[in-house]
Peer 1: 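Below: one structure in structure tokens.
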Protein chains: 2
Amino acid sequence: MAHGSGTGASLADVAKLAKVSTQTASRVANGSDAVRPDTRKRVLAAMAELGYRPSFAARSLRAGNYRSIGLSMSGDMSATGRRYQLEGITTAAARQGYAITLQQLADDAATLGEASRRMVSLPVDGQILYLGATPPDFATFEPPQALPTVIISTQHHPYCATISNDQMGCSVSIVDHFIQRGHREIRFVGGRRESYANISRQKGWEQALRMRGLHVVEPLHGDWTADSGYEIGMQLASDKSCTAIYASNDAIAVGIIYALRDAGLRVPQDVSVIGVDDSLVGLIPHLELSSYRFNDAQVGALAFDLATNPPEGKEPPHILVPGTLVERSTVALANR
Amino acid sequence: MAHGSGTGASLADVAKLAKVSTQTASRVANGSDAVRPDTRKRVLAAMAELGYRPSFAARSLRAGNYRSIGLSMSGDMSATGRRYQLEGITTAAARQGYAITLQQLADDAATLGEASRRMVSLPVDGQILYLGATPPDFATFEPPQALPTVIISTQHHPYCATISNDQMGCSVSIVDHFIQRGHREIRFVGGRRESYANISRQKGWEQALRMRGLHVVEPLHGDWTADSGYEIGMQLASDKSCTAIYASNDAIAVGIIYALRDAGLRVPQDVSVIGVDDSLVGLIPHLELSSYRFNDAQVGALAFDLATNPPEGKEPPHILVPGTLVERSTVALANR
DNA sequence: TGAGAGAATGTTAACGTTAACATTCTCTCA
DNA sequence: TGAGAGAATGTTAACGTTAACATTCTCTCA
């Protein structure tokens, strides 16, 4: 009885049909050159006839590894960023000849402990945990000692390697970009207050302003949509002191720009705007939005590396991957 | 020597430490209730002490299956649609307690044969092949007999189950929607001519028009971007006979709408526009674009079902999953 | 107290593969 | 032709688990 369709043949079956030992059949299966051409041909023919499929289970039982990395995700895997990180992981895996064992968790089971508990019995040599920004058991989680574990998280963890986009660095880059162009009052328009991305971007913005000795004006908040950005843009349009706006995603940035223009202001001549995610390329006519682009592919690739080659030291590493500010046409020199 | 970190313990080690047989240790590992509480406790303690991790390889060698489905992808996994299908697959898998073994192929290795050849030696009970629209060896590919194989493709295959979004159905829905609102001349604005999505949507549009006895005007083509849509919109604005435009993606639709408005026409009062993908929700202020939304989650879920429960019959099934037209505010009754 | 039943635990063998070693074959060269 | 070398092929054992069966323990009840 074999895997899959239930009719598969083993090497023993192949060997019997080809009138050789299983070892010789194994040698053919693994491309050893210590087999005479006619013997090889006979074995190959037997394999084809029986539809032989090597048993992954038996092979890895012998080999002691799986050449696969586990990845646990929860929630919306197609959210911006997430999907590129997933792509970064699978691409790095493909390059090393690894497969990815993907495990989707229902939102109500999305804890590090549960993800890890399930992954432990799957065929993986290491695991990457990519749940929400901060899973409920983040602080108390202890990784299984037999499985190198990497958490994609902006926070440092006592036992596991962690990696994520540098949210604070994003804010610093944007604030500095504005400052270098003469802006002094740099507004922050966040998304939903409670979201992790919002909190850390806002914190970064505040810190950057303080570090540079600039005034921190009360931030405003939308709900990540363009319409909420539009409303906020209308408020900001009447505020003459506002020359630079850091919108915490692109949709809000677009909303703000449309509102400012509807209110008779020019972007970027009167007000400069920068968004985050660089998610609008080619989507909106005649809008070249300056935006901060995270390097999600690299986050994924490094997470994979950490899982396959766990670093030796006592302290687990915490890696923040910087992105880049893509300069387009919505930022100008401050003119007042 | 164990899997992963190379220090793991086997059930035999656990059993020795707990002073029981491996079978009793196995019973504890599998939650059998035929173990005395104090024995169970001793075994559990030994497991914890040794960091015991069950061997997937040994278990599936015995069980004869893996409870995992292989998924081969190539190219941009984050493209619209693709990611939702991936999500559909993983969600269905999670519900059944299956894992997904994801294999990313480099574009130059993205043939069905190569994907399948590699997957055959991974721990999967079935496979889903999701490469481009029509991989180069689509016609000649023969699936391994030991591995139920599903191809995500708009085309029928002689040996494998196939499934995809109903691209033709999309066109029919959109054309009928326009017709029901009195439109007679329904224009098609495609994306890149050679792309599969473009070809099949255009074909569906032509067929639907012919079926309804309507005039087929020469289609126009952009490159999927909003800017290309804007250019085409400017051409269409001067054509008084044009009251209904089927844009083959949302970005082009947006470009067209902006151009029409800049040319002094009203959308939808003067010209109605429908896009495809429903990808703009919340992204553009004050634009409620009617758009055809594919049911990617269902495509993924059904692909998973086909891979786990291959249908018996002689002819492999070919499933086209219908989407829905999401009516918003860019379609009105024809007024001329 | 001692038989008997049923619960708890143990032993054996097998899943399919391949490393390590053992044997047999084939060919070359004196 | 026959020894010897090296190529080709074969045998054995082990990876870790668990089903099937075997044995031992524990408790109840006459």
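Chain naming here is simple, since letters A, B, ... match the order of the sequence lines and numbering starts at 1 in each.
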Peer 1: Could you tell me how far apart B:Asn65 (CG) and C:dG16 (P) are, to the nearest whole angstrom?
Peer 2: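 Interatomic distance, CG of B:Asn65 to P of C:dG16: 13 Å.
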Peer 1: Select from A:Gln23 and A:Arg36 the residue whose nearest nucleotide in DNA chain C is closer to the 5' end of that strand.
Peer 2: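 Final value for this comparison: A:Gln23.
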Peer 1: How close or far is atom C1' of C:dG16 from atom CG of A:Asp13, stated in whole angstroms?
Peer 2: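 Nearest whole value for this atom pair: 10 Å.
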Peer 1: I need the CG-P distance between A:Leu122 and D:dT17, as an integer number of Å.
Peer 2: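 Those two atoms, CG and P, are 15 Å apart.
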Peer 1: Take the protein atom CG of B:Asp33 and the nucleotide atom P of C:dG6, then report the distance between them rounded to whole Å.
Peer 2: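 Interatomic distance, CG of B:Asp33 to P of C:dG6: 16 Å.
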Peer 1: Ignoring backbone atoms, establish whether A:Thr39 has a side-chain N or O less than 4.0 Å from OP1 or OP2 of D:dT9.
Peer 2: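 For D:dT9, OP1/OP2 do have a side-chain N/O of A:Thr39 under 4.0 Å.
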Peer 1: Can you figure out which of D:dT17, D:dT9, C:dT17 approaches the side chain of B:Ser10 most closely?
Peer 2: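 Of the candidates, D:dT17 comes closest.
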Peer 1: Can you tell me if A:Tyr52 touches the phosphate of C:dT17, counting only side-chain N or O atoms and a distance under 4.0 Å to OP1 or OP2?
Peer 2: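 Result: yes.
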Peer 1: Whole Å only: how far is the CG atom of B:Leu61 from the C1' atom of D:dA14?
Peer 2: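 In whole Å, D:dA14 C1' lies 12 Å from B:Leu61 CG.
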Peer 1: Ignoring hydrogens and geometry beyond distance, is the side chain of A:Arg27 in donor-acceptor contact with the base of D:dG10 at under 3.5 Å?
Peer 2: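 Looking at the base of D:dG10, it does pair with a donor or acceptor on the side chain of A:Arg27 (distance under 3.5 Å).
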Peer 1: So B:Arg59, base contact, sugar-phosphate only, or nothing? Heavy-atom distance under 4.0 Å.
Peer 2: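 Sugar-phosphate, no base atom in range.
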Peer 1: Taking 4.0 Å as the cut-off, does a side-chain nitrogen or oxygen of A:Ser21 come that near to OP1 or OP2 on D:dG10?
Peer 2: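 Yes, such a contact exists.
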Peer 1: C:dT12 C1' sits how many Å from B:Arg62 CZ, rounded?
Peer 2: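 To the nearest whole Å, that distance equals 11 Å.
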Peer 1: Is there a donor-acceptor contact under 3.5 Å linking the side chains of B:Ser72 and B:Gln127?
Peer 2: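 No donor-acceptor contact under 3.5 Å links the two side chains.
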Peer 1: Taking for each residue the nucleotide of DNA chain C bearing the nearest heavy atom, is the 5' side occupied by A:Leu11 or by B:Thr24?
Peer 2: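 That would be B:Thr24.
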Peer 1: Measure NZ/B:Lys19 against C1'/D:dT24 and give the value in whole Å, please.
Peer 2: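 Nearest whole value for this atom pair: 19 Å.
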Peer 1: Both distances under 3.5 Å, Watson-Crick or G-U wobble: report the partner of C:dA3, or none.
Peer 2: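 C:dA3 is paired, partner D:dT28.
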Peer 1: Is the ring pair A:His318/A:His156 parallel, tilted or perpendicular, if the boundaries are 30 and 60 degrees?
Peer 2: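 Ring orientation, 0 to 90° scale: perpendicular.
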Peer 1: Using the ring of each side chain (for Trp, its six-membered ring), is B:Phe138 parallel, tilted or perpendicular to B:His157, with breaks at 30° and 60°?
Peer 2: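 Ring orientation of B:Phe138 relative to B:His157: perpendicular.
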Peer 1: Does a side-chain heavy-atom distance below 4.5 Å link A:Gln155 with A:Thr162?
Peer 2: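 Result no, sub-4.5 Å side-chain heavy-atom pair not found.
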Peer 1: Which base, if any, makes a Watson-Crick or G-U wobble pair with C:dT12, both distances under 3.5 Å?
Peer 2: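 D:dA19 - that is the nucleotide pairing with C:dT12, both distances being under 3.5 Å.
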Peer 1: In whole angstrom, what separates A:Tyr66's OH from D:dC15's C1'?
Peer 2: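 My rounded result for the distance is 11 Å.
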Peer 1: Verify whether one side chain among A:Thr308 and A:Tyr98 offers a donor that lies under 3.5 Å from an acceptor in the other.
Peer 2: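 Short answer, no.
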Peer 1: Looking at A:Ser55, I'd like to know whether one of its side-chain N or O atoms comes within less than 4.0 Å of OP1 or OP2 on C:dT17.
Peer 2: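 A:Ser55 to C:dT17 OP1/OP2: no side-chain N or O under 4.0 Å.
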